[in-house]
Amino acid sequence: MLRIAPIFMIAILIGPVLAGLFHIIVPAFGHDPELGQIGFSLQAFYALKMMPAIMKSIWLSYWLGLMTAFISLMLVAFFIASYRNSYWFLVIKTMFKPVLAMPHAAAAFGLAFLIMPSGFIIRLISPELTGFIRPPDWLIINDPAGFALLLGLVIKEIPFLLLVILASLPQVEGQYSRVARISGYGKNYAWLISVFPLIYKKIRLPIYALIAFATSVVDVALILGPATPPPLSIQILRLMSDPDLTQRSIAAAAAIVQFGVTILALITWWIGEKIFIHFGKKIIMSGFRFQGDKILGFIGFVGVGGAIFMTFVGLFLLALWSVSGIWKFPQVFPAELSFSTWHNEASQLLKVSWRAIIIAFFASFIAIILALSSLENEYQRQIKLSKWAKFILFLPLLVPQVSFLFGLFIIFLWHGLDGNYFSLIFAHLIFTLPYVYLLLSDSWNGFDIRYLTSARLMGKSQMNVFFSIRLPMLLRPILMAFALGFAISIAQYLPTLLIGAGRFPTITTEAVALASGGNRRLIGTYSLVQTLLPFVVFAIAALIPALLFHNRKGLNNE
Amino acid sequence: MSEAGLNLNNVRIKINGVSLLNIDEKIADGEILTLMGPSGCGKSTLINAICGFLPKGFSCEGEISLDGQNITDLPAEKRKLGVLFQDPLLFPHFDVKENIMFALPSGGAKSERLEKAYQLLKNVNMQDYARRDVATLSGGQKARIALARTLASNPKALLLDEPFSKLDEKLRENVRQSVFEVIRGQNLPTLLVTHDKADAKATNGKIITL
């Protein structure tokens with residue numbers, strides 16, 4: 001039974017991606033029997049090329065992907081280099097996890113409420129410092145260059161990078177930094193040139209996943225991104241949603257171009273890595289001791305601290321807007337509070353939340369079962385994951401969602417499988433499984449197997465040892481992995497929209513759809529619920545082991 | 001005015017206010033002082049204190065001076081010390097010669113720096129390994145390259161924190177001989193902390209047992 005778990009896992013991770021990609025290639029090159037198009041043609045690509053400002057859309061997607069990765073990585077590296085042994089590091093370590101659990105869309109709305117012309121920052125200084133009694137006519141969010149979108153992505157990716165770097169930090173010898181300092185290098189610079197290169201090797205795949213995500217993001221781009229033209233992913237979504245079915249082949253062609261843009265961004269990053277290593281090494285070998293390295297710590301602190309602070313303020317603003325009555329510009333706070341939005345939307349909120357909970361529960365539960373079975377199989381058969389296996393784990397995160405999900409949608413459509421719970425849960429499972437597995441594997445591989453050996457020597461079976469020793473002792477990370485899977489599923493916008501065929505609105509699809517309406521009370525309410533759902537599950541995941549093992553000190557440590 | 005060499009003037013190390021170690025010693029140029037004692041007696045903590053790496057909860061009172069300069073409150077990178085840790089800690093992302101060049105003070109043309117690196121490797125009989133990946137070296141070879149790297153930064157004093165403890169017994173004898181031979185040639189004040197009597201004996205210097 002355990003032996004088939006990895007096969008299932010690989011099938012779930014590779015199958016939909018490859019099948020999805022194949023099914024966009026076929027219509028993109030003119031073969032769509034449903035529309036009576038048989039044969040090979042580049043017509044769809046020509047039509048795509050003729051679309052207004054398509055090259056700008058492509059460029060936006062490309063530079064956003066690269067800049068998001070570069071800025072977030074730089075800020076997190078500078079912060080850890082400078083503050084890793086400080087009080088502020090502990091503060092950030094405690095605070096970044098809730099930010100990580102916050103769905104992208106909710107964080108984007110929170111940021112919009114903060115920085116938009118009628119947002120909190122301008123209200124704070126108006127009219128005293130600005131003289132504004134009406135919101136200025138500034139295009140801060142949805143700006144044509146995509147800076148607001150870039151900011152939103154950086155703010156959300158900083159906690160992700162903190163998570164992956166903190167997970168790799170104990171595996172890398174911190175003493176290297178001491179050797180560098182003794183050799184005359186300043187504290188921050190010493191860490192950056194002696195420890196960070198080793199960490200970078202370990203986090204390369206998550207960074208590639210980040211680039212793939214940022215080049216093809218949909219929900220955050222709908223909220224903060226430019227509209228004329230939007231990034232390529234939004235163009236694809238529009239083409240896919242077009243009632244004119246002939247647009248489907250153009251959408252497929254655009255999805256292939258999106259895949260190409262992501263690959264190009266990854267290749268650019270890879271070349272950048274090589275250039276950086278080459279020149280970086282030259283500088284290091286010249287013996288250059290960077291004396292002003294304290295500035296790096298300052299930049300890192302402002303960036304990372306600012307990102308987390310802005311997310312919390314954004315969350316506060318979502319809550320405030322959800323209960324605001326009259327709130328005119330430039331009032332900093334609403335003149336009156338009202339629960340009318342909550343009251344009016346209660347039944348709809350309940351309906352879309354419940355649907356999201358069902359999908360997220362099963363998508364995470366199945367991911368946990370598959371990950372546990374695979375890990376136990378690896379342990380019992382003494383298998384070590386190869387580089388390729390790790391690559392497969394990241395595959396659904398490295399290929400743009402918008403590219404392969406559209407193909408998957410076409411397959412489901414052909415077979416009448418679109419728009420039901422099973423397909424939706426399956427689509428979410430593709431994204432929950434890699435995260436659940438990666439989070440669990442750290443705890444699983446770090447487990448002291450002498451506990452298991454002792455139990456086996458007492459005559460217990462493998463199965464008995466698994467259920468009576470391993471599972472209870474690893475209950476905390478298992479529940480945390482479940483909560484992470486749940487949070488990822490709740491935040492899924494595109495899979496829900498496409499595979500659900502628009503008939504299964506969840507809290508996330510509803511919240512993102514509100515972006516175009518601009519009703520801030522509704523946006524605040526839906527985004528807050530969207531944020532609270534994963535928070536509650538994370539809280540329950542922390543509470544259960546604390547209650548179960550309240551008298552077991554050894555099992556109660558973080 | 002303090003004397004030349006490494007001076008530990010009434011140095012008192014405390015952990016959460018409780019005294020862990022008191023020492024008042026002067027190590028002259030060319031002298032090797034050995035500090036012996038069981039695990040947990042504060043030997044490595046003293047090395048950390050001299051380097052400026054004391055962890056939270058620890059405090060250091062008294063004065064540490066090097067060649068007449070009070071270095072007690074200087075950041076680690078400005079103390080001009082060389083340290084050999086228990087592990088060789090060769091950077092795995094650099095090859096052997098790059099590990100040496102990393103520690104060389106700034107300045108000079110690339111060819112000069114390379115020449116210096118080769119000279120340092122020659123001092124420890126490792127010149128033929130300049131381009132080798134450090135992961136492919138034996139424990140003894142790593143220890144010798146770590147020594148060459150330590151000397152590359154032109155330190156004014158050497159601190160040895162049980163540098164042979166992770167080598168097997170046969171290898172340890174060999175490496176110990178060659179390392180002390182090189183160190184004696186440097187004429188630097190050297191502090192060795194160890195729990196191995198053979199290490200202490202090999203220094204032919206003063207031994208303090210904690």
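What you see is a predicted model, and the numbers here were worked out from it, not measured in a lab. Chain letters run A, B, ... following the sequence lines, proteins first, then strands; residues in each count from 1. Only this structure's heavy atoms are used, side chains among them; waters, hydrogens and symmetry mates stay out.
Using a 4.5 Å cut-off between heavy atoms, B:Lys56 contacts chain A through its side chain alone, with no backbone atom that close. Neither the backbone nor the side chain of A:Lys201 comes within contact range of chain B; no heavy atom of the residue lies under 4.5 Å from a heavy atom of that chain. Proximity to chain A is limited to the side chain of B:Asn48, based on heavy atoms less than 4.5 angstrom apart. With a 4.5 Å cut-off on non-hydrogen atoms, A:Phe288 touches chain B through its backbone but not through its side chain. For A:Ser177, no part lies under 4.5 angstrom from a heavy atom of chain B.
Within a 6.0 Å radius of OH in A:Tyr379, other residues, nucleotides and ligands contribute more than 12 heavy atoms. More than 12 heavy atoms of other residues, nucleotides or ligands sit less than 6.0 Å from atom CG of A:Leu90. The environment of A:Phe312 atom CZ is dense: over 12 non-hydrogen atoms of other residues, nucleotides or ligands sit within 6.0 angstrom. Heavy-atom contacts from other residues, nucleotides or ligands closer than 6.0 Å to CD of B:Glu181 number 12 or fewer.
Minimum heavy-atom separation, B:Leu81 to A:Ile182: O-CG2, 3.2 Å. A pairwise comparison of heavy atoms in A:Lys281 and B:Phe94 identifies CE-CD2, 3.6 Å as the closest pair. When every heavy atom of A:Gln175 is checked against every heavy atom of B:Leu89, the shortest pair comes out as CB-CD1, 3.4 Å. The minimum heavy-atom distance between B:Pro75 and A:Arg181, with the atom names listed, is CB-NH2, 3.9 Å. Closest approach of B:Pro92 to A:Leu198, counting heavy atoms only: CG-CD2, 3.5 Å.
Options A:Ser286, A:Ser183, A:Gly186, A:Ala190 differ in how many heavy-atom pairs under 4.5 Å they form with chain B, and the most are formed by A:Ser286. The candidate from A:Val195, A:Ile277, A:Ile193, A:Asn85 with the greatest count of non-hydrogen atom pairs under 4.5 Å with chain B is A:Ile193. If you tally non-hydrogen atom pairs under 4.5 Å between each of B:Asp87, B:Ile100, B:Leu90 and chain A, the highest count goes to B:Leu90. The greatest number of non-hydrogen atom pairs below 4.5 Å with chain B, out of A:Ala180, A:Gly184, A:Pro197, is found for A:Gly184.
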| Between A:Val179 and B:Phe102, is a side chain to side chain contact (heavy atoms under 4.5 Å, CB included) present by the stated rule, with each step listed? | CA-CA 10 Å; A:Val179 174; B:Phe102 177 92; 5.5 Å; no

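Here A:Met285 contributes atom CE and B:Glu98 contributes atom CD; the two are 4.5 Å apart, rounded to the nearest 0.5 Å. The distance from the OH atom of A:Tyr200 to the NE2 atom of B:His93 is 14.0 Å, given to the nearest 0.5 Å.
With a 6.0 Å cutoff to the six-membered ring centre and a 45° limit on the axis angle, A:Arg178 counts as a cation-pi contact of B:Phe53.
At a heavy-atom separation below 4.5 angstrom, chain A is approached by B:Leu104, B:Pro105, B:Ser106, B:Gly107, B:Arg113 within residues 104-140 of chain B.
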